[in-house]
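Only one structure is covered here, and it is reproduced in the block below.
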Protein chains: 2
Amino acid sequence: MRILITAGPTREYLDDVRYLSNASSGQMGYALARSAIQAGHEVALVSGPVTLSPPEGCELYPVETTDEMFKQCEKLFADCDGVIGTAAVCDYRIKTRKPGKIAKTGEAITLELVETIDVLAELGTQKGDRWVMGFALESQDARFNAVRKLYSKKCDAIVLNSVSAIGSTENHVEVIDHSQETVATYSGPKAQVADSLIAWIQEHIAAGK
Amino acid sequence: MRILITAGPTREYLDDVRYLSNASSGQMGYALARSAIQAGHEVALVSGPVTLSPPEGCELYPVETTDEMFKQCEKLFADCDGVIGTAAVCDYRIKTRKPGKIAKTGEAITLELVETIDVLAELGTQKGDRWVMGFALESQDARFNAVRKLYSKKCDAIVLNSVSAIGSTENHVEVIDHSQETVATYSGPKAQVADSLIAWIQEHIAAGK
């Protein structure tokens, strides 16, 4: 198979220096890329700014903003069999980015944030006979929100992980499919969880396509 | 001498996941720490989240927010002979941090940002007979703003660098002192610029104390 994987955070700039982001390290996405290549697949990895090196044999497409990630993914998805969306994209961007560096004035400033494009939901809409696996990071009503995202993003399955996964080398995940039940649970180092998830994808959502 | 050095970015959180930050890599501060230790000084390095390892023999104090950086610096400054402020601190924090992860609703959201404490200006106010070297990163009216900061932060000298220095391994800097003139200019890899700056500090602002 040829698999599209998104990884890392994205950044949304206020001005030329300051941005909105999150502490996603990209480890889960890079671990999945490595596992997929080891399992004999091709991987196109679209990654926000992280400090990891891509696994050997992996095509890397570095991006910075959510919009850049979407445009790169849309181009690549056409030639892929499926997509795994691990990226912790910025859901919000600053409505009006200022040039240069906003100088301090002693006053409070007000920023208007608007939602960015939902990368995985857009790919889900375009998926046709390709499979889509999402990741959901939820701080409350986790299962309810994961199932909601499974449908709204037109995923075949969604991986639920907790806020504690960000930046950690370990992960504890549940895979939820259209049965709305947890159909697999994996814990341990992200490399090991990645192997299990690639095997699960091969056996379940990719097998039926 | 015992030198306090601040380095890296700081982060200011909107909620438990998203934050405001910048792409400061910490390279200039870590290079200065290395140069200072090689020149026989002690270094206390207060650093925001970066991926660098501190030089051997350096005391590292990791912090995340601007307020944490200030509190840590204030504690350490009492026992230091001077401070070099290279950190690209978040000048703004979100007025009301939300618990958990703000869920998307499809609506725009408005954030009120208030200024954070000015770490170097506070240390400048407390400096007594210690020396203070600041860094200014300016996108416009660079010299004017650098001189303004030299006085407002009670620095003995200020190093002016441009936005292009962020995340780069190279730097081009000008040192401005109370003459309001550029009294030294250094270009090249940050490690080399750091050696020159430590030598300059020893010879000029630290010598007179």
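Basis for what follows: all heavy atoms, side chains included, without hydrogens, waters or symmetry-related copies. The structure displayed is predicted, hence computed values, not measured ones. Per chain, numbering begins at 1; letters A, B, ... match sequence-line order.
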Does the ring centre of B/Tyr186 sit less than 6.0 Å away from the ring centre of B/His172?
-> no
Partners passing side chain to side chain donor-acceptor pair (under 3.5 Å) against A/Gln126 (at least two apart in sequence or in another chain) | A/Glu74
Going by the side-chain hydrogen bond (donor to acceptor under 3.5 Å, both in side chains) test, which pairs reach into residues 53-63 of chain B, not counting sequence neighbours?
-> B/Arg2-B/Glu59, B/Glu59-B/Tyr61
Looking only at heavy atoms, which of residues 88-115 of chain B get nearer than 4.5 Å to chain A?
-> B/Asp91, B/Tyr92, B/Gly100, B/Lys101, B/Ile102, B/Ala103, B/Lys104, B/Thr105, B/Gly106, B/Glu107, B/Ala108, B/Ile109, B/Thr110, B/Leu111, B/Glu112, B/Leu113, B/Val114, B/Glu115
With no hydrogens and no angle check, is any side-chain donor or acceptor of A/Asp177 less than 3.5 Å from a backbone partner on A/Ser179?
-> yes
Any chance you could lay out the salt bridge (Lys or Arg N to Asp or Glu O under 4.0 Å) test for A/Arg143 and A/Glu174, step after step, and finish with the verdict?
-> CA-CA 10 Å; A/Arg143 172 170 302 273; A/Glu174 295 177 44; 2.6 Å; yes
State which residues pass salt bridge (charged side-chain N to carboxylate O under 4.0 Å, His left out) with B/Lys153; sequence neighbours excluded, sorted by chain then number.
-> B/Asp118
